[in-house]
Structure formats: C-alpha cells, structure tokens
Asker: 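This is the structure I want to talk about, given as structure tokens.
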Amino acid sequence: GESLEELHRADTIVFDKTGTITQTGNANITFNGSVLSSYEQRLIKSLVRNSTHPLSSRIYDALEPAELFNVASYNELSGRGIEGDIEGKRIRLGSALFAADNNKILHNSEHKSSKPDTRIFLSIAGSIKGFFAVNNIYRSGLEVITSSLKDDYDLIVLSGDNEGEKENLGKYFGSKSKIMFNQTPHDKLEYVKELQEDGQKVLMIGDGLNDAGALKQSDVGVAISEDITN
C-alpha cells in the first residue's frame with residue numbers, strides 16, 4: 001500500500017539505460033579490427049566470464065565455445081572497463097582510453113564514431129586489437145510508454161555507456177528529457193539524491209544490478225529483468 005501511495009506522488013521517472021530500456025539479449029555485436037584467433041577468443045571469453053555487466057554476457061555468447069583459462073588479478077573499473085592477467089598477458093576490455101592505457105594514439109578521429117553504437121575496445125598485452133560494436137535494440141513498446149509519460153512526468157535517463165546512443169535516445173525521450181552518460185553506480189545514486197533534495201519524488205526503473213544503490217535510494221524502485229536467475 002505504501003509503495004502505491006509513493007507511486008501516486010511520483011513526479012520524476014529515472015530510467016537506467018543498460019538492460020532496462022534496451023534488450024540485452026538482442027544486441028547485435030560485431031568485432032571491428034584484426035581477425036581474432038581461436039586463442040584470442042578464448043582469452044576474451046575467459047575475461048568476460050567474470051563480469052556481471054549485461055554487455056559482457058553478450059560478448060561471451062557471441063564468441064565461439066571454448067575451454068576457459070584461469071584469470072589472475074581480475075579488476076572491474078566502473079564506467080571504464082574490465083581487465084585481468086591471463087596466460088601471462090594483460091587483457092583489457094572497455095573504453096578506448098582504458099584499453100590503450102591512456103595511450104594518445106586513440107585521440108585520433110578514426111575512433112570517434114558518429115554511428116549510434118557502443119564501442120568496447122580490446123587490448124591484449126598492451127596492443128589494441130579493435131573494438132566490439134554493440135548496436136542496442138530498444139525494448140518494443142518503449143515509444144508508447146515514453147510518449148504517454150512525457151507530459152505528466154520529468155523523464156531522465158542515466159546511462160553507464162558513452163554518448164553513442166544520444167540521438168537514438170533523444171528520439172524516444174524527446175528534447176525536454178535529460179539524458180546523462182558515463183554514469184557510474186555511485187553517480188546514479190548521487191543524482192537520485194540531488195533530485196530528492198530538490199523536492200522531487202523519484203520513481204526509478206532499473207535492472208537491479210548496476211544501479212542497486214540508486215534504486216534503493218529512490219522513492220519507488222522498479223527492477224526489470226529478463227534473466228530469471230537475476
């Protein structure tokens with residue numbers, strides 16, 4: 001009953017992007033760069049196996065089945081990427097700067113994309129091999145929902161990804177909505193707090209994994225999942 005009452009009072013709806021308004025199971029993934037050998041695919045598959053990020057499981061599924069290697073010193077850096085030592089090599093997957101270890105080569109224009117995809121760069125032992133391009137597929141019915149809510153609520157999207165999807169999201173959410181990129185779980189939590197400090201009643205819709213803190217902080221939190229094990 002209490003939640004319903006809060007729901008009735010909500011004036012702001014915050015959407016977490018990854019896995020919530022996009023369908024993780026339907027993202028198209030392609031690799032752009034040097035052709036990956038079976039051995040390299042095994043290295044990548046072994047690394048992403050450790051990550052809970054929805055895109056990691058998509059990359060895992062996209063690679064050929066193989067026996068996995070042990071991963072030493074695994075590390076997941078929020079908003080930047082994942083890394084680990086496998087077979088004596090440091091493997092990194094994530095933003096261009098993270099994968100290149102801040103190497104300046106990546107500031108050139110060929111890696112700046114106008115296409116609405118999310119790019120996940122791969123480096124093996126310090127050398128960039130290319131990137132996985134993930135074209136998000138938005139949940140069916142999203143447009144119907146956002147257009148029916150636009151007039152009555154402030155709509156906000158918090159995304160952990162880069163701005164590659166800006167144009168697409170704008171189409172669904174319209175020009176009045178706020179869309180924030182490169183948001184860490186901590187940023188999302190702080191953002192919800194700030195809205196509440198301004199007197200707004202926040203309904204947040206997320207996937208419960210990358211945004212658990214922000215969901216708890218909101219006045220009403222709704223977690224959406226496709227995977228029954230989550």
Side-chain angles (χ1 to χ4, degrees), residues 16-69 71 76-84 86 89-101 103 105-140 142 157 159-172 179 181-183 207 209-210 226-227:
D16 174 66
K17 186 181 95 71
T18 309
T20 305
I21 59 179
T22 53
Q23 278 177 287
T24 45
N26 279 349
N28 299 322
I29 292 195
T30 50
F31 186 74
N32 297 270
S34 51
V35 177
L36 296 171
S37 67
S38 296
Y39 174 70
E40 288 169 331
Q41 290 194 46
R42 272 177 80 186
L43 291 174
I44 302 160
K45 208 169 167 97
S46 306
L47 180 68
V48 293
R49 185 80 186 94
N50 292 275
S51 165
T52 56
H53 194 284
L55 291 177
S56 296
S57 54
R58 295 295 302 126
I59 290 174
Y60 182 87
D61 293 340
L63 297 167
E64 57 188 47
E67 204 179 321
L68 302 182
F69 296 120
V71 178
E76 191 152 341
L77 296 138
S78 188
R80 292 174 63 205
I82 58 176
E83 63 181 355
I86 309 172
K89 298 174 188 64
R90 169 61 52 103
I91 317 291
R92 281 184 157 179
L93 264 179
S95 72
L97 278 179
F98 172 69
D101 204 8
N103 187 325
I105 54 157
L106 281 169
H107 288 307
N108 67 17
S109 58
E110 70 176 279
H111 292 300
K112 297 256 189 295
S113 149
S114 58
K115 291 217 348 255
D117 56 18
T118 296
R119 299 188 163 196
I120 302 161
F121 285 82
L122 164 71
S123 69
I124 297 179
S127 133
I128 292 264
K129 298 289 177 197
F131 59 85
F132 289 95
V134 183
N135 291 294
N136 287 304
I137 293 177
Y138 289 90
R139 285 185 186 278
S140 59
L142 179 63
V157 181
S159 171
D161 299 328
N162 58 31
E163 297 198 4
E165 292 281 310
K166 193 172 191 168
E167 212 175 303
N168 274 356
L169 285 168
K171 276 184 215 148
Y172 287 102
I179 303 174
F181 295 95
N182 300 311
Q183 298 286 300
D207 66 359
L209 291 172
N210 300 300
E226 284 172 55
D227 181 353

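Predicted model, so just to flag it, every value in this text is computed and none were measured.
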Asker: Would you compute the distance between atom CG of L93 and atom CD of E76 and round it to the nearest 0.5 angstrom?
Answerer: 11.0 Å
Asker: List the atom of I82, the atom of F98, and the distance in Å for their closest heavy-atom pair.
Answerer: O-CE2, 3.4 Å
Asker: CZ of R92 to CD1 of I120: how many Å apart, nearest 0.5 Å?
Answerer: 15.5 Å
Asker: Salt bridge between E83 and R90, side-chain N to carboxylate O under 4.0 Å?
Answerer: yes
Asker: Quick one: closest heavy-atom pair of G84 and L47, and the distance?
Answerer: N-CD1, 3.6 Å
Asker: Provide the closest heavy-atom pair for F132 versus I29 in the form atom of the first, atom of the second, distance.
Answerer: CD2-CG2, 3.8 Å
Asker: Nearest 0.5 angstrom please: E64 CD to L36 CG, how far?
Answerer: 9.5 Å
Asker: Once you round to the nearest 0.5 Å, how far does CD of Q183 lie from CG of D16?
Answerer: 10.0 Å
Asker: Supply the atom-to-atom distance I91 CD1 to E40 CD, rounded to the nearest 0.5 angstrom.
Answerer: 8.5 Å
Asker: Please round to the nearest 0.5 Å and tell me the distance separating atom CG of N50 and atom OG of S56.
Answerer: 9.5 Å
Asker: If you define the side chain from C-beta out and look only at heavy atoms, does anything of F31 sit under 4.5 Å from L122?
Answerer: yes
Asker: Taking S46 for its side chain and R42 for its backbone only, find out whether a donor-acceptor pair lies under 3.5 Å.
Answerer: yes
Asker: Could you tell me whether a side-chain N or O of K45 sits under 3.5 Å from a main-chain N or O of Y60, the two making a donor and an acceptor?
Answerer: yes
Asker: Students often mix this up, so state it plainly: with edges at 30° and 60°, are the rings of F131 and F121 parallel, tilted or perpendicular?
Answerer: tilted
Asker: State which residues pass side chain to side chain contact (heavy atoms under 4.5 Å, CB included) with I179; sequence neighbours excluded, sorted by chain then number.
Answerer: V157, L169, F181
Asker: Is any side-chain heavy atom of L63 closer than 4.5 Å to a side-chain heavy atom of I44?
Answerer: yes
